[in-house]
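See below for the structure under consideration.
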Amino acid sequence: MKSRWEQELEEQRNKRRQEIILAAQELFLEKDLPGVTMKDIGHQLGISRVTLYKYYNSIDELAFEVQMKVLDDLFRFVDSHKIGERAEEKMRNLLLAWQDFTQTSSSHLRFIGLFDHYYREKYPTRELEEKYRIFIQNVFPSPVQLIQEGIQDGSIRPDLDPAKSSAMIANTMMSMTQRMASRGNILRVEQEIDPGEMMRQLIDMIMAYLKPEASSIRSS
């Protein structure tokens, strides 16, 4: 069992880690990932690079920490809205919560877009790649579970592969919400449509795809 002193020290370190992550996120959004150095983050926090390196080994490690934090924030939020009597209702509420999150926490989605673009071809180290892969596998199981549940309760079409359909839904929602978070106001003018309405239409399309009737239409 840890002593009280050890527990307090660990709490202080965790608090400092969160402060570093938040400062890094702010700078990444301001300057883009290639434009930020460990020196910049240390200056933002008023600490030396030596102190900063006691917590994180590289700017890449920090970028991955920010990415995992914002994804965890997103998925915890939408998962908390997974309510309803049947799986179809829970899925719709989950997707509507994703839309709400985009409106209230657009900076999270903008960072995810920056991360996807910067690391679009490869990851900097095998260790970071493995850590991120494990994180992604465990962070958001809800769509898979809801599709499985919906197949059982009859509210979702039975011919779907839960894992593949879940990946399609998650990536489609992520792509649209990133675009709305980054260019929603511009698109409102250019395309003369409310970004929220575009999101609602996308959610309607996903839900139509999941309906049991869709499988009978496909097979006919």
Criterion side-chain contact (heavy atoms from CB on, under 4.5 Å) on Y56 and I41, from CA distance to verdict: CA-CA 11 Å; Y56 295 102; I41 296 170; over 6 Å; no

R110 NZ/CZ over F28 ring centroid, <6.0 Å and within 45° of normal: no

Ion pair check, R126 and E129, cut-off under 4.0 Å: no

N/O donor-acceptor pair under 3.5 Å between R16 side chain and R13 backbone: no

Cation-pi geometry met for R76 and F101 (6.0 Å, 45°): no

Criterion side chain to side chain donor-acceptor pair (under 3.5 Å) on D60 and S58, from CA distance to verdict: CA-CA 5 Å; D60 286 314; S58 68; 4.9 Å; no

Rounded distance [0.5 Å steps], CD in Q99 versus CD1 in I203: 5.0 Å

Note: E65-R17 ion pair, threshold 4.0 Å (strictly below): no

Neighbour count >12 (heavy atoms, 6.0 Å) for atom CD, E85: no

Polar side-chain atom of D194 near backbone of G196 as donor-acceptor pair, under 3.5 Å: yes

Heavy-atom side-chain contact between D73 and S105 under 4.5 Å: no

Side-chain ion pair, K82 and D79, N-O less than 4.0 Å: yes

Side chains of L74 and H108 in contact at under 4.5 Å (non-hydrogen atoms): no

Interatomic distance, L114 atom CG to S182 atom OG [nearest 0.5 angstrom]: 7.0 Å

Straight-line distance of M91 CE to I147 CD1, nearest 0.5 Å: 4.5 Å

Short side-chain to backbone donor-acceptor contact, N93 and K90, under 3.5 Å: no

Qualifying residue, where the test is side chain to side chain donor-acceptor pair (under 3.5 Å) with Q44 and the options are E19, K39, E30, E26: E26

Pair Q67-Y119, side chain to side chain donor-acceptor pair (under 3.5 Å): steps then yes or no: CA-CA 11 Å; Q67 171 77 347; Y119 298 106; over 6 Å; no

Ion pair R200/E197, N-O distance below 4.0 Å: yes

Residue pair Y55, I21: steps toward the side-chain contact (heavy atoms from CB on, under 4.5 Å) verdict: CA-CA 10 Å; Y55 292 89; I21 289 172; over 6 Å; no

